[in-house]
Amino acid sequence: MAVNTARKLRKYPKQFMRHHMEVSNINEKFESYDSHKIWEATWEILRCDDIDKLTELSAFIPRFSDILKQVDMGGAVRKNEDDTKLAFEYIKKRCSGLCRCFLYTYSGHNMFNPKKESDLAFVDIDKATIIKEVQEQHFSVTCSTCSKKYKVREVHGWHVPWYEWSSS
């Protein structure tokens, strides 16, 4: 699929998807000590690219970390707590100037589906190929912010699909 076509097929404009997180809602979800609400907050953070909001959230990281120590976040295949810790790291690194795309190859976190990332306007899918012999889908993607290129291999050998990202 050509880059221009992929952009036209997106469900939401970039501006909406990247700026919908509210700091007060994130704070409330952590202060609830409810694992599901914290998990929701985690993914709202990971989907936010608004530096002002992330900077505002950075002041809460020590408090959120203390709360996280007291809550059993669960997790079937891996610990959900790891995603929340990744969200804290994301805030720090994004506020220090790194592009959001560092998440794709950071420390073995392989949960970023390139199709969802494209729907959220974080990447453009340049090419998608199904490899029938191994029942995998391979993607060539480009970061929408910094234009860094990635290769992604979608693997279905586990309970849920996971994604191997590598820089091209």
Side-chain angles (χ1 to χ4, degrees), residues 10-12 14 16-123 125 135-137 139 141 143-145 148 150-167:
R10 287 199 180 115
K11 296 177 186 174
Y12 308 105
K14 259 185 198 184
F16 174 75
M17 294 309 297
R18 291 193 177 193
H19 299 286
H20 72 285
M21 184 192 76
E22 293 300 327
V23 173
S24 61
N25 291 343
I26 299 300
N27 196 24
E28 285 175 23
K29 288 178 180 184
F30 271 91
E31 291 292 340
S32 75
Y33 286 79
D34 179 279
S35 62
H36 184 72
K37 288 181 180 179
I38 293 171
W39 178 82
E40 287 175 349
T42 295
W43 282 95
E44 287 179 44
I45 292 167
L46 289 170
R47 291 186 178 120
C48 177
D49 202 32
D50 183 323
I51 296 298
D52 293 334
K53 289 181 180 184
L54 293 172
T55 300
E56 190 177 343
L57 270 180
S58 67
F60 294 99
I61 291 175
R63 174 72 181 140
F64 292 168
S65 295
D66 289 342
I67 291 170
L68 186 62
K69 290 175 189 171
Q70 299 174 52
V71 176
D72 179 5
M73 292 295 292
V77 177
R78 57 187 174 71
K79 295 179 185 179
N80 291 333
E81 176 184 346
D82 293 344
D83 296 346
T84 306
K85 289 178 180 176
L86 177 65
F88 299 159
E89 193 64 24
Y90 170 64
I91 293 168
K92 293 175 192 173
K93 290 189 179 295
R94 194 68 189 100
C95 290
S96 71
L98 277 183
C99 183
R100 182 184 181 282
C101 71
F102 89 88
L103 288 169
Y104 304 138
T105 57
Y106 185 75
S107 187
H109 289 274
N110 50 12
M111 67 263 188
F112 294 99
N113 178 337
K115 294 177 209 168
K116 289 182 182 176
E117 294 297 295
S118 179
D119 287 345
L120 294 166
F122 291 123
V123 298
I125 297 176
Q135 298 180 0
E136 293 178 352
Q137 189 163 15
F139 300 87
V141 302
C143 174
S144 299
T145 303
K148 188 170 183 176
Y150 291 93
K151 299 284 184 200
V152 187
R153 183 173 77 110
E154 180 180 66
V155 179
H156 289 276
W158 296 88
H159 178 66
V160 295
W162 52 280
Y163 306 90
E164 290 180 350
W165 289 73
S166 60
S167 300

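This is a predicted model, so every value here is computed, not measured.
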Nearest 0.5 Å please: distance from the [atom1] atom of [X] over to the [atom2] atom of [Y].
X: Glu44; Y: Thr42; atom1: CD; atom2: OG1; value: 9.5 Å
X: Glu56; Y: Ser58; atom1: CD; atom2: OG; value: 9.0 Å
X: Arg94; Y: Ile45; atom1: CZ; atom2: CD1; value: 14.5 Å
X: Leu68; Y: Tyr33; atom1: CG; atom2: OH; value: 11.0 Å
X: Leu86; Y: Asn80; atom1: CG; atom2: CG; value: 12.5 Å
X: Leu46; Y: Met21; atom1: CG; atom2: CE; value: 10.5 Å

Practice task
Tell me, please, which residues at least two apart from Asp83 pass side chain to side chain donor-acceptor pair (under 3.5 Å).
Solution key: Arg78

Problem - With sequence neighbours excluded, residues passing side chain to side chain donor-acceptor pair (under 3.5 Å) with Lys151 - result: Ser140

Would you name the heavy atoms of [X] and [Y] that are closest together and state the gap between them?
X: Ser35; Y: Met73; result: O-CE, 3.5 Å
X: Asp66; Y: Gln70; result: O-NE2, 3.3 Å
X: Phe60; Y: Val23; result: CE1-CG1, 4.0 Å
X: Ala121; Y: Ser144; result: O-OG, 3.3 Å
X: Pro114; Y: Val152; result: CG-CG1, 3.9 Å
X: Leu54; Y: Cys48; result: CD1-O, 3.9 Å

Handout entry: Tyr104: partners by ring-ring contact (aromatic ring centres under 6.0 Å, His included), with sequence neighbours left out
Key =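 Tyr104 satisfies ring-ring contact (aromatic ring centres under 6.0 Å, His included) with Phe112, Tyr150, Trp165 once adjacent residues are dropped.
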
Problem - For Tyr106, ring-ring contact (aromatic ring centres under 6.0 Å, His included) partners two or more places apart - result: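 Counting only residues at least two positions away or on another chain, Tyr106 forms a ring-ring contact (aromatic ring centres under 6.0 Å, His included) with Phe102.
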
Problem - All pairs passing salt bridge (charged side-chain N to carboxylate O under 4.0 Å, His left out) where residues 95-104 contributes a residue, at least two apart - result: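 Applying salt bridge (charged side-chain N to carboxylate O under 4.0 Å, His left out) to every pair that reaches into residues 95-104, excluding sequence neighbours, yields Arg100-Glu117.
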
Student check: side-chain heavy atoms of [X] and [Y] closer than 4.5 Å:
X: Glu154; Y: Phe139; value: yes
X: Tyr163; Y: Lys115; value: no
X: Leu57; Y: Phe88; value: no

Practice task
Using side chain to side chain contact (heavy atoms under 4.5 Å, CB included) as the criterion, point out the one residue from Ile91, Ile26, Thr84 that pairs with Phe64.
Solution key: Ile26

Problem - Steps toward salt bridge (charged side-chain N to carboxylate O under 4.0 Å, His left out) verdict (Lys85, Glu81) - result: CA-CA 6 Å; Lys85 289 178 180 176; Glu81 176 184 346; 3.0 Å; yes

Handout entry: Atom CD of Gln135: over 12 foreign heavy atoms under 6.0 Å
Key =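 No - once you tally the heavy atoms of other residues, nucleotides and ligands closer than 6.0 Å, there are 12 at most.
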
Exercise for the section: Give a yes or no on whether a salt bridge exists between Glu28 and Lys37, defined as a side-chain N under 4.0 angstrom from a carboxylate O. Expected result: no

Completion exercise
Sorted by chain and residue number, the side-chain contact (heavy atoms from CB on, under 4.5 Å) partners of Glu136 (sequence neighbours excluded) come out as Val134, His138, Arg153, Val155

